[in-house]
Participant: 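Next up is a structure, given as structure tokens.
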Amino acid sequence: MQVNDNNFEPVIVAFCCNWCSYAGADLSGTNRLNYPTNVKIIRVPCSCRVNPMFILRAFQRGADGVIICGCHPGDCHYTSGNYYARRRITLLYSMLDFLGIERDRTRLEWVSAAEGAKFAATMESFTEQVKALGPNRRLEDLRCRKQ
Amino acid sequence: MLMISLDRLDELFAAVAAKQTLYLPADREDGQAEYRRWEDGVKLSSRLNTVRSAKDFFFPQTEDLVEFKMEGKNIEVIDPRKESEDFVVFGVRACDARSFTILDKVYLVEPVDSYYKTRRDHGTVVTMACTRPEETCFCRTFGIDPTAPEGDCACWSDGESLFFRANTEKGEKFVDSISSLLDEGDTEKLEKINERTRDVLSKMPLANLSAENFGGDKLNEYFNSDKWGELSEACLGCGTCTFVCPTCQCYDIRDFDTGHGIKRFRCWDSCMYSDFTKMAHGNPRLTQLERFRQRFMHKLVYFPANNNGEFGCVGCGRCLSKCPISMNIVKVMKALEVK
Amino acid sequence: MQRIGVFVCHCGTNIAATVDVKAVAEALGHEPGVVISQDYQYMCSESGQNLVKDAIKEHNLSGIVICSCSPRMHENTFRKAAAAAGLNPYLVEIANIREQCSWIHRDIATATEKAIILGKAAVAKVHLNTPLTSMESPVVKRALVIGGGIAGIQTALDIAEAGFDVDIVEKEATIGGKMAQIDKTFPTLDCAACILTPKMVEASQNEKIHIYAFSEVEAVKGFVGNFTVKIKRKARYVDEVKCTGCGACIEKCPMKKVPNEFNMGLDNRHAVYIPFAQAVPKIATIDPNYCMMLKNGKCGLCSKVCAAGAIDYKQQDSFIEEKYGAIVVATGFNPIKLDKYDEFSYNTCPDVVTSLELERLMNAAGPNGGTLLRPSDKSHPHTIVFVQCVGSRCSDEKGKPYCSKICCMYTAKHAMLIRDKYPDTEVYVFYIDVRTPGKNFDEFYRRAVEQYNVHYIKGMVGKVTPKSDGKIDVQASDLLSNEQLHIDADMVVLAAAIEPDKTARPLATMLTTQMDTNDFFTEAHPKLRPVESATAGIFLSGACQGPKDIPETVAQGSAAAAKAIGLLCKNSITCNPCVAHSDELMCNGCSSCEKVRPYGAITYSDKEFRMPDRTIAVRRVASVNPAVCQGCGACTVACPSGAMDLSGFSNSQIMAEVDAICK
Amino acid sequence: MQEAMINRAKELMADGTVSRVIGWKRGEFAYDITPAVFETAEEIDSDFVCDDFTAANVSKYLIKESRKEGRILAFLKPCDTYSFNQLIKEHRIIRENVYVIGIPGGPKLDAEKLKARGITGILGVRNEKGTLHIDTVYGEETMPMFEAILGKCENCKSTKHVVYDELMGEEGEVIADSGRFDRVAELENMTAQQRFEFWREQLSKCIRCNACRNVCPACSCENCVFDNPDSGISNKAAADSFEENNFHIIRAFHVAGRCTDCGECSRVCPQNIPLHLLNRKFIKDINELYGEYQAGEDTTSRAPLTNYNADEDCEPSIVHERGAE
């Protein structure tokens with residue numbers, strides 16, 4: 001069922017915390033570090049703001065991959081938000097895996113405000129990873145599929 | 001009567017399915033039966049009381065009504081219906097067959113529901129007489145004879161052969177389409193089986209349940225009964241009874257934003273839900289007691305009051321076996337009945 | 001109906017070179033609700049801002065989207081511009097098409113396509129933005145310092161200096177803390193009392209400072225700028241106002257065998273006592289555990305001799321409640337208990353002492369009047385062994401995983417002082433590492449080794465055994481020469497690890513501040529906000545945040561004071577309006593949100609509600625204090641019913657962005 | 001046991017300790033038991049039942065009942081006490097308004113397992129030494145009792161009551177080797193494709209009747225996100241396979257760390273979807289990743305999802321390292 005032609009351009013949603021990862025994304029821009037246009041960033045105050053509903057919503061609406069980026073453990077602007085996020089997201093990803101959704105469609109990465117290069121590299125590799133999987137068919141809403 | 005040997009059923013189904021889609025009750029792994037599209041290898045279940053009723057074929061749980069597409073400031077309205085294909089629903093019990101009569105009274109009166117009507121027009125209902133009723137069966141309470149089912153075409157099994165009788169024009173067409181496979185057979189054994197079925201039914205726990213004291217006459221008395229509180233107190237407010245019910249006909253209409261348009265669809269609703277009939281001003285039935293009462297008043301009082309005494313229940317027994325807390329129309333009738 | 005304006009910035013060629021800004025403006029102009037969409041060279045310039053302001057007025061805009069650089073750069077600029085034009089500043093959204101688009105992509109077609117999608121997401125979000133108003137919360141111009149050691153004293157003095165009232169709550173009978181017990185300070189060897197006591201007096205005489213000694217914090221309510229603190233004033237059985245501190249009661253008290261805590265139990269005091277001569281406040285305290293009068297009603301001598309009539313055997317604990325704008329925690333430290341270190345014979349041999357006990361043994365006001373004598377037989381010790389890292393840098397459960405930081409230096413000090421005063425004494429120091437980062441610290445240590453010939457031996461002490469002849473056998477290994485050593489010592493001094501005071505944990509719970517696993521208070525940011533706790537309005541001073549020497553403690557005390565002063569200077573605090581809020585009708589009162597709140601902004605109360613089924617019900621519901629909430633959103637996900645949502649980043653706003661990006 | 005319960009209930013009502021009793025009321029057949037509140041000794045005498053079919057967990061009803069005037073007596077099976085305790089922890093039940101009597105648990109029986117064997121026209125069921133004698137209109141049928149055990153009792157986690165005011169019968173214990181995670185592990189060891197197909201087949205049966213949600217003691221929200229049009233994910237029917245998945249994922253996630261594994265969700269599912277496996281997956285993950293945790297065991301501990309361990313918590317990438325791809 002895999003549609004794996006080279007023209008496949010995945011839609012990738014990246015939730016980035018305002019204080020570290022969003023700034024890290026800005027830094028990769030400031031340093032002109034290229035990463036694929038497939039990645040579209042949504043700014044959230046903290047990785048702990050990311051509700052599993054948002055992730056599922058993205059897949060419903062046609063995302064092929066979802067990545068969450070937050071401050072490194074210990075560096076959360078709100079001291080502990082990313083620790084809660086880490087548990088929640090671990091369990092959610094594990095559940096998606098349990099339901100047979102491809103593991104490589106989801107990722108969580110800690111990116112600091114100084115890690116512009118890491119941000120770009122992460123997005124590059126994640127996009128490649130999702131591209132290799134082909135379009136999300138297992139967790140999409142057929143009604144939302146582009147015609 | 002025309003008949004076919006039971007070992008030739010596959011041949012029969014193949015012949016039907018060659019011309020139109022055929023659905024029939026088939027066994028599931030968990031021991032329950034469900035309607036399945038026939039294909040090679042699908043066997044007719046011995047349990048005709050499927051979890052979901054045959055209502056699904058004419059009034060599916062969700063159904064797209066219309067689509068809107070927006071282009072700039074223009075809105076394009078699209079009818080999503082494709083030309084419906086003919087289909088056959090096989091193995092419908094007498095109670096379920098009667099449910100179509102009830103649904104027809106709702107959907108085929110003016111204004112006619114064209115979505116429902118299209119499906120009714122294209123579907124042929126082939127019923128089958130019951131031979132092994134369950135303790136939850138009480139169709140006879142509503143005047144249904146499980147050994148003489150309605151439907152476009154009825155059939156009976158005597159354990160060796162399957163006998164056919166067309167009841168309608170559509171039924172005749174159905175019998176014609178398979179006539180090459182049918183032979184004339186003797187119905188003597190059949191009569192005995194029907195007799196035994198009726199006998200078994202009279203020994204069932206619910207054999208003496210009567211609906212004669214229900215109907216529109218005692219509307220206020222039933223509505224104001226002090227029994228509702230006790231009856232509804234354990235109700236979870238889930239929709240199981242309504243969704244397995246062959247006669248529940250309520251739906252909600254919702255819009256779904258697909259990102260590139262709007263799909264307007266309808267889906268089953270349940271009067272047990274707290275947002276049922278919620279309107280701009282709020283909700284007319286705010287407590288579970290009122291919602292619970294609505295369901296049974298509708299089936300036992302309002303519906304017959306508006307439909308020449310026809311009850312909104314066919315006694316199929318699904319809600320009896322599926323209610324998570326085992327509260328059901330039989331318990332309601334027994335508790336409520338005013339002689 | 002929304003009337004949205006879209007403004008696409010060229011940023012010179014920063015954006016325009018890789019993104020077709022005209023195409024972006026054109027495409028976004030077709031989005032629902034968008035009534036005007038234009039591009040401009042430099043949107044952040046004065047004229048660019050005017051363009052935005054004019055459009056807001058001219059088109060009566062209900063929301064604007066700026067497609068430009070990162071919101072981290074100019075979000076505030078455009079919010080101010082919107083406000084100036086009469087539009088609520090929170091009806092502004094930024095689409096980051098520079099850092100996150102034009103600067104990272106090279107192909108114009110794809111970059112433009114992405115910019116349009118980012119713009120659409122911002123438009124979708126702004127549709128759901130609501131006007132937000134920053135709340136103003138008044139600040140009570142009074143600070144509370146919890147702990148009256150050198151950290152607390154310094155903080156209080158600095159805050160008072162700035163003109164604000166400040167209260168010190170000290171659980172002991174006198175302020176002064178650990179520093180009052182110390183003999184000399186490193187690396188200058190000046191007398192601790194000589195530099196501390198003037199500060200104690202200064203604090204007591206400062207009319208802005210009020211000292212609640214022999215008191216404890218009982219409860220804390222409220223939030224930044226507006227805390228209400230209940231303080232327990234423990235009964236001294238002496239009227240603080242009447243007592244002159246003359247000491248007549250102490251002289252007459254027949255109960256003389258009470259272990260003297262101030263001297264680490266190395267000598268005795270009376271049942272009525274003043275901890276030490278320079279105590280502040282200098283008020284006598286009766287110890288109810290030993291006072292005959294309080295125990296069995298027989299005595300009453302002190303009451304008879306007190307000319308001021310200050311003795312009050314019937315005194316009870318009393319409580320006062322006070323409001324504060326800021327709270328500084330300065331609860332300090334204690335050496336750990338050495339009960340578990342049987343190998344050092346601390347519990348069995350009186351000549352094995354801790355470093356703090358040694359301070360008292362050497363202090364002129366100590367049990368021996370400043371002459372170093374063995375506690376056991378009051379003889380002069382000739383061989384002294386110091387054992388470092390007793391319980392510090394310890395991997396097992398007996399000790400602490402961290403370095404206590406001060407031990408290396410005070411041991412060098414002790415060794416040097418002993419060698420200086422008693423040159424006939426041999427001093428050995430067993431160490432794992434000698435850590436001397438700090439101004440003049442390493443020079444100090446080297447003096448001890450080179451000038452005073454202190455024997456520093458890298459190695460561990462395995463066992464300390466008292467011998468029958470009164471000597472102590474110290475069995476140790478020298479790691480450098482790889483030898484086993486036996487030293488016949490007269491005294492052994494253990495550098496016990498230090499730990500936060502036991503009162504810190506319950507206090508942290510009251511203050512809703514965070515602690516690490518060692519019970520040190522956690523700072524809001526380890527590098528950038530080292531003297532603030534994560535809870536607004538709570539500041540950290542001294543060793544309660546981590547092991548510190550005196551200069552660091554004083555520095556942090558002043559830093560905490562500066563932060564507190566910064567807060568107290570304000571008449572009110574402007575709160576970030578992008579905070580959580582709870583829909584009380586949907587709240588289940590399950591407390592999930594309360595568990596993940598980092599700032600203590602969520603509280604519960606029972607409220608009466610008219611329920612959907614017409615009944616009146618009392619329900620437990622959460623409410624968020626917008627002055628305390630910092631808007632992280634942890635609670636919104638913990639809440640299963642979705643009652644908790646975050647202004648500015650609401651569920652529906654984020655989902656609208658998701659939808660726009662994915663379609 | 002039933003008689004002892006009836007006597008004790010009447011005693012407690014007579015001496016004024018309680019004013020009402022929540023338990024189970026007999027139905028038309030041998031198995032159709034309804035949870036019910038009894039207000040008089042007569043009602044109890046005539047209708048109160050506690051037998052092989054009284055499987056329903058009455059804890060959730062106590063949210064409402066404990067807020068009514070007067071104290072209510074609740075008979076709780078071991079598994080029910082976990083739900084009860086969890087609801088106490090979440091401040092949903094007012095403890096002092098409930099008098100809890102711990103009663104022995106199951107195994108309870110599942111009438112559907114009788115019917116799945118073709119046994120129908122059931123008039124009565126007798127349980128004799130591990131064999132069920134089922135009296136039907138078609139004659140007597142027998143089957144081994146263990147084959148009729150209700151799904152939720154098959155891997156009982158504990159026969160211990162974690163909360164009660166009074167205990168009837170022997171106190172049990174936590175069953176360490178219940179094997180309740182075996183099926184989850186089996187699924188984990190399948191390929192992603194097989195898991196996907198398994199769950200598609202199961203979840204496509206869902207009719208969104210909400211029975212699982214409405215019976216669930218952990219799903220006690222005033223207003224469920226799936227009913228709330230403002231939540232953005234409300235829906236009434238699973239109009240697409242995504243919504244079938246979404247509902248069950250979100251529901252399991254919302255009760256993760258709170259679900260006591262009482263098994264009511266699977267018991268009430270009219271389509272026999274093994275919903276408890278989703279909850280057990282979360283419980284298994286929590287136990288393995290964050291340390292053993294049993295929701296409802298106590299009323300004070302911090303739930304795994306409202307807690308963290310800064311140094312020891314694993315990264316989400318652990319998903320890549322576990323089980324089959």
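Because only heavy atoms are used, hydrogens play no part in the values below, and waters and symmetry mates are left out as well, while side chains stay in.
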Participant: How far apart are the C-alpha atoms of A:E9 and C:T110, what are their side-chain angles, what is the distance that settles it, and do they pass the side chain to side chain contact (heavy atoms under 4.5 Å, CB included) test?
Facilitator: CA-CA 11 Å; A:E9 287 298 343; C:T110 52; over 6 Å; no
Participant: Quick one: what part of C:R98 sits under 4.5 Å from any heavy atom of chain A, side chain, backbone, both or neither?
Facilitator: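 Contact with chain A is absent: no heavy atom of C:R98 under 4.5 Å.
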Participant: Between atom SG of C:C101 and atom NZ of A:K40, what is the distance when rounded to the nearest 0.5 Å?
Facilitator: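 Between C:C101 SG and A:K40 NZ, I get 8.5 Å after rounding to 0.5 Å.
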Participant: Keeping the roles fixed (side chain from A:R57, backbone from C:A656), state whether a donor-acceptor pair exists under 3.5 Å.
Facilitator: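 A pair under 3.5 Å: no.
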Participant: Can you tell me which of A:N38, A:I41, A:V11 forms the most heavy-atom pairs within a distance under 4.5 Å of chain C?
Facilitator: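 Among A:N38, A:I41, A:V11, the one with the most close pairs to chain C is A:I41.
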Participant: Less than 4.5 Å to any heavy atom of chain C: does that hold for the side chain of A:V44, its backbone, both, or neither?
Facilitator: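 Both backbone and side chain.
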Participant: With a 4.5 angstrom heavy-atom cut-off, is it the side chain or the backbone of C:I661 that approaches chain A, or both, or neither?
Facilitator: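 Its backbone and side chain both get close to chain A.
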Participant: Evaluate side chain to side chain contact (heavy atoms under 4.5 Å, CB included) for A:N51 paired with C:T636, printing each intermediate quantity in order.
Facilitator: CA-CA 8 Å; A:N51 196 314; C:T636 60; 5.6 Å; no
Participant: Examine whether an atom of A:V66 lies under 4.5 Å from a heavy atom of chain C, and if so say whether it belongs to the side chain, the backbone or both; otherwise answer neither.
Facilitator: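 It is neither, since no heavy atom gets under 4.5 Å.
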Participant: To the nearest 0.5 Å, tell me how far A:Q60 CD sits from C:D659 CG.
Facilitator: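 It is 7.5 Å, given to the nearest 0.5 Å.
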Participant: At what distance, to the nearest 0.5 angstrom, does CH2 of C:W103 lie from CG of A:N31?
Facilitator: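 One finds 9.5 Å between CH2 of C:W103 and CG of A:N31.
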Participant: Kindly determine whether C:H105 and A:N34 satisfy side chain to side chain contact (heavy atoms under 4.5 Å, CB included), including the steps that lead there.
Facilitator: CA-CA 6 Å; C:H105 305 310; A:N34 186 266; 4.1 Å; yes
Participant: Identify which part of A:A23 has an atom lying under 4.5 Å from any heavy atom of chain C, answering side chain, backbone, both or neither.
Facilitator: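 For A:A23, the contact with chain C is made by backbone and side chain together.
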Participant: Checking C:D516 against chain A: side chain, backbone, both or neither under 4.5 Å from a heavy atom?
Facilitator: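 Neither part, no heavy atoms under 4.5 Å.
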Participant: Side chain from CB out, backbone as N, CA, C, O: work out which of these in A:R43 comes under 4.5 Å of a heavy atom of chain C, or both, or neither.
Facilitator: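 Interface part for A:R43: both.
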Participant: Relative to chain C, which segment of A:N18 carries a heavy atom at a distance below 4.5 Å: side chain, backbone, both, or neither?
Facilitator: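 Backbone plus side chain of A:N18, per the 4.5 Å heavy-atom cut-off to chain C.
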Participant: Considering only heavy atoms, which portion of C:N651 lies under 4.5 Å from any heavy atom of chain A: side chain, backbone, both, or neither?
Facilitator: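 For C:N651, the contact with chain A is made by backbone and side chain together.
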Participant: So what's closer than 4.5 Å to chain C heavy atoms on A:Y22: side chain, backbone, both or neither?
Facilitator: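 Contact with chain C: backbone and side chain both.
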Participant: Given the options C:L646, C:V658, C:V637, C:D107, which has more heavy-atom pairs under 4.5 Å with chain A than any of the others?
Facilitator: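 The answer is C:V637.
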Participant: Where does A:Y35 contact chain C at under 4.5 Å (heavy atoms): side chain, backbone, both or neither?
Facilitator: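 Both the backbone and the side chain of A:Y35 come within 4.5 Å of chain C.
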Participant: Taking C:K114 for its side chain and A:P36 for its backbone only, find out whether a donor-acceptor pair lies under 3.5 Å.
Facilitator: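 Answer holds: no.
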Participant: Other residues, nucleotides and ligands only: do more than 12 of their heavy atoms fall within 6.0 Å of NZ on C:K563?
Facilitator: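 No, not enclosed.
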Participant: Picking from A:T37, A:V39, A:V13, A:L33, which has the most non-hydrogen pairs under 4.5 angstrom with chain C?
Facilitator: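 The answer is A:T37.
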Participant: As an exercise, state the distance from OG1 of A:T79 to CD of C:Q630, rounded to the nearest 0.5 Å.
Facilitator: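 Reported value, rounded in 0.5 Å steps: 10.0 Å.
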Participant: Would you give the length of the straight line joining atom SG of C:C629 to atom OH of A:Y78, rounded to the nearest 0.5 angstrom?
Facilitator: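 Here the rounded value is 8.5 Å.
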Participant: Between A:S47, A:A58, A:C76, A:G62, which shows the greatest number of heavy-atom pairs under 4.5 Å with chain C?
Facilitator: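 The answer is A:A58.
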Participant: Does any backbone or side-chain atom of C:K663 lie under 4.5 Å from a heavy atom of chain A? Answer side chain, backbone, both or neither.
Facilitator: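 Just its backbone gets close to chain A.
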Participant: Most heavy-atom pairs under 4.5 angstrom with chain A, which of C:G631, C:A121, C:C662, C:G633?
Facilitator: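 Max contact count across the listed options: C:C662.
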Participant: Between chain A and each of C:Q100, C:E657, C:M655, count heavy-atom pairs under 4.5 Å; write down the option with the most.
Facilitator: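 Counting heavy-atom pairs under 4.5 Å, the top option is C:Q100.
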Participant: Rounded to the nearest 0.5 Å, how far apart are OG of C:S70 and CG of A:L27?
Facilitator: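 CG of A:L27 is found 11.0 Å from OG of C:S70.
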Participant: Given that the side chain runs from C-beta out, which part of C:A634 has a heavy atom under 4.5 Å from chain A: side chain, backbone, both or neither?
Facilitator: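 For C:A634, backbone and side chain are both near chain A.
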